[in-house]
Amino acid sequence: MKTTDFLKEGHCAIADEAETMHKDHEVQMARSQLYATAQAAIEIHRMLKGMSEMEGLEGWVQSKITLAADYLNKVRDYLQYEQASQAQEEMMNFVYEEADYAFDKLVNETASVGGTGAGAVATSMGGGNGFANGGPGTLKRVTQFKNSAKKAFTKEHKVK
């Protein structure tokens, strides 16, 4: 049995706090290491300013610089991808009721704009007679249109 196994048994507050502190510590440690790395990179850059191409660098030195740059670029790319993915997930996580409300509001506003708004909506939905109030059955057609559009949206986006 490992010495940390006893902490994992059940829901131990100490284990939960230790895990949280460990995660928090990792971020701060990474930031500290990046700061020290940036300082070292600036110092090395200054040293290389005074060095001519004729003096050159030994192969292993150039190799270490290449590795360090590659590792940092990979971490940066990974973090950028994670942030972009998280932002995309947040954009995709909308509440269906809010979308439903916005859709209803849009259709109702379109139907009520101006003197011929309702008639224009009814006509654009394949019916209507162009009356100022939309004519007979306009409310029924608008409701049918809203319901069919909601069904199509729900089916397409797999909303429950």
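Its side chain outside the 4.5 Å cluster rule for every partner, Met47 clusters with none of the Ile, Leu, Val, Met, Phe, Trp and Tyr residues.
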Please set out all donor-acceptor pairs under 3.5 angstrom arising from side-chain atoms of residues 68-80, sequence neighbours excluded.
residue: Asp70; atom: OD2; partner: Lys74; partner atom: NZ; Å: 3.4
residue: Asn73; atom: OD1; partner: Arg76; partner atom: NH1; Å: 3.2
residue: Asn73; atom: ND2; partner: Ala69; partner atom: O; Å: 3.2

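Contacts of Ser52 classified as side-chain contact (heavy atoms from CB on, under 4.5 Å), with partners at least two apart in sequence or in another chain: Met54, Glu55. Remark: Val61 pairs with Leu57, Glu58, Ile65 by the side-chain contact (heavy atoms from CB on, under 4.5 Å) rule, at least two apart or across chains. Judged as a side-chain hydrogen bond (donor to acceptor under 3.5 Å, both in side chains), and not counting sequence neighbours, the contacts of Gln39 are Tyr35.
Pairs passing the salt bridge (charged side-chain N to carboxylate O under 4.0 Å, His left out) check and including a residue from residues 40-52, sequence neighbours excluded, do not occur.
Distance CG/Leu34 to CZ/Arg31: 9.5 Å, rounded to 0.5 Å.
Looking at Gln62 and Thr66, their side chains do bring a donor and an acceptor atom within 3.5 Å of each other.
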